[in-house]
Structures are given as C-alpha cells and as structure tokens.
Amino acid sequence: MGILELSGESWEFEGNAPWTIAQDAYEGNYSAQSETINNNQTSEMIVTLDVNSTGDISFFYKVSSEASSSGFYDGLLFYIDGVQMGDGWQGEIDWSEAIYSV
C-alpha cells in the first residue's frame, strides 16, 4: 500500500492546509498533494493500518519545498507509530521511492 494509492483505506487529514487530488502521479492516474503552507504550519495525511506480519512499506514521493542548510523546517516527514523515519526530505526532489521495515 503506497501513500499515493488512496483507495481501500481510511485516510485522515489534519493541519492548516487541505490535501487535494493531483494528476501528477508517479504511477496510475492520481496522487495526493498538500496545498501551500506557511511558517509554523503543517498539512498531515494519516492512514491507520493493521500489519500482521513483518515486511516493508514503500511509497513514492515528490517534494517541492524550501531547503535549509541550518536544519529542517520545511519539507516532507514520514512516521510509523509516531516515530519519524529518516531525516525527511526538503528542496526540489523528483519522484523517488522510500522503503521502511514494519
């Protein structure tokens, strides 16, 4: 199940800006895109899954945000069970795949 595959699961959206359906997809016809956020704002897309065996979760992402050399303040973060996975992504990143063990 990828983050851009929006069917079959219950998704929640929180934060200061809504998510919209975009036609710029890595695969298939559509993807999810956050609207623009400003300083100290967030836009969250949340899905709850029951994983009954070990394995990997993978998804494709594309980022367009401000980049900072002095720390992370604008970009994409991914969490599993409230724990941030990796350092996050910021700047201009074309479609790339992320894979994490669950």
Side-chain angles (χ1 to χ4, degrees):
M1 173 68 193
I3 195 95
L4 300 178
E5 186 179 305
L6 300 177
S7 63
E9 304 299 335
S10 176
W11 294 86
E12 297 177 50
F13 302 91
E14 297 180 359
N16 303 98
W19 286 77
T20 59
I21 302 300
Q23 293 183 348
D24 178 24
Y26 174 79
E27 186 175 273
N29 296 321
Y30 304 103
S31 64
Q33 177 177 333
S34 170
E35 293 295 321
T36 302
I37 58 172
N38 295 310
N39 293 337
N40 299 314
Q41 291 186 324
T42 64
S43 183
E44 299 177 33
M45 174 187 273
I46 302 161
V47 63
T48 301
L49 302 170
D50 290 323
V51 178
N52 297 319
S53 62
T54 59
D56 292 334
I57 183 170
S58 67
F59 59 93
F60 286 87
Y61 63 91
K62 184 176 182 179
V63 177
S64 179
S65 70
E66 292 183 53
S68 170
S69 59
S70 62
F72 192 94
Y73 67 89
D74 189 12
L76 175 65
L77 299 173
F78 179 72
Y79 293 83
I80 297 176
D81 291 333
V83 177
Q84 182 180 320
M85 301 287 109
D87 295 328
W89 305 276
Q90 60 181 353
E92 297 295 322
I93 303 172
D94 201 4
W95 288 109
S96 302
E97 185 177 21
I99 303 171
Y100 295 101
S101 296
V102 291

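Worth saying up front: this structure is predicted, and the values here are computed from it rather than measured.
Not counting sequence neighbours, the partners of Asp56 by the side chain to side chain contact (heavy atoms under 4.5 Å, CB included) test are Ile99, Ser101. Considering only residues two or more places apart in sequence or on other chains, Ser65 meets the side chain to side chain contact (heavy atoms under 4.5 Å, CB included) condition with Val63, Asp74, Gln90. Listed by chain and residue number, Glu92 satisfy the side chain to side chain contact (heavy atoms under 4.5 Å, CB included) test with Ser64 (two or more places apart in sequence, or in another chain). In this structure Ala98 satisfies the side chain to side chain contact (heavy atoms under 4.5 Å, CB included) test together with Phe59, Tyr61, Trp89, Tyr100, sequence neighbours excluded.
Closest approach of Gln84 to Tyr79, counting heavy atoms only: N-CD2, 3.3 Å. Contact record, Phe60 with Glu97: CE2-CB, 3.5 Å, taken as the closest heavy-atom pair. Closest non-hydrogen pair, Ala25 versus Asn29, comes out as CB-C, 3.9 Å.
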Table please: side-chain donor-acceptor pairs of residues 32-42 below 3.5 Å, with sequence neighbours left out.
residue, atom, partner, partner atom, Å
Ser34, OG, Ser43, OG, 2.9
Glu35, OE2, Thr20, OG1, 3.2
Gln41, OE1, Asn38, N, 2.7

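Contact annotation: the side chain of Gln23 approaches that of Tyr30 to within less than 4.5 Å [non-hydrogen atoms, C-beta and beyond]. Using a 4.5 Å heavy-atom threshold, the side chains of Leu49 and Val102 count as separate.
Taken together through direct or relayed side-chain contacts under 4.5 Å among Ile, Leu, Val, Met, Phe, Trp and Tyr, Val47 and Phe13 form part of one hydrophobic cluster. Tracing side-chain contacts under 4.5 Å through hydrophobic residues (I, L, V, M, F, W, Y), one never reaches Trp11 starting from Ile46; they form parts of separate clusters.
The salt bridge (charged side-chain N to carboxylate O under 4.0 Å, His left out) contacts involving residues 57-72 comprise Asp24-Lys62, where partners must be two or more places apart or lie in separate chains.
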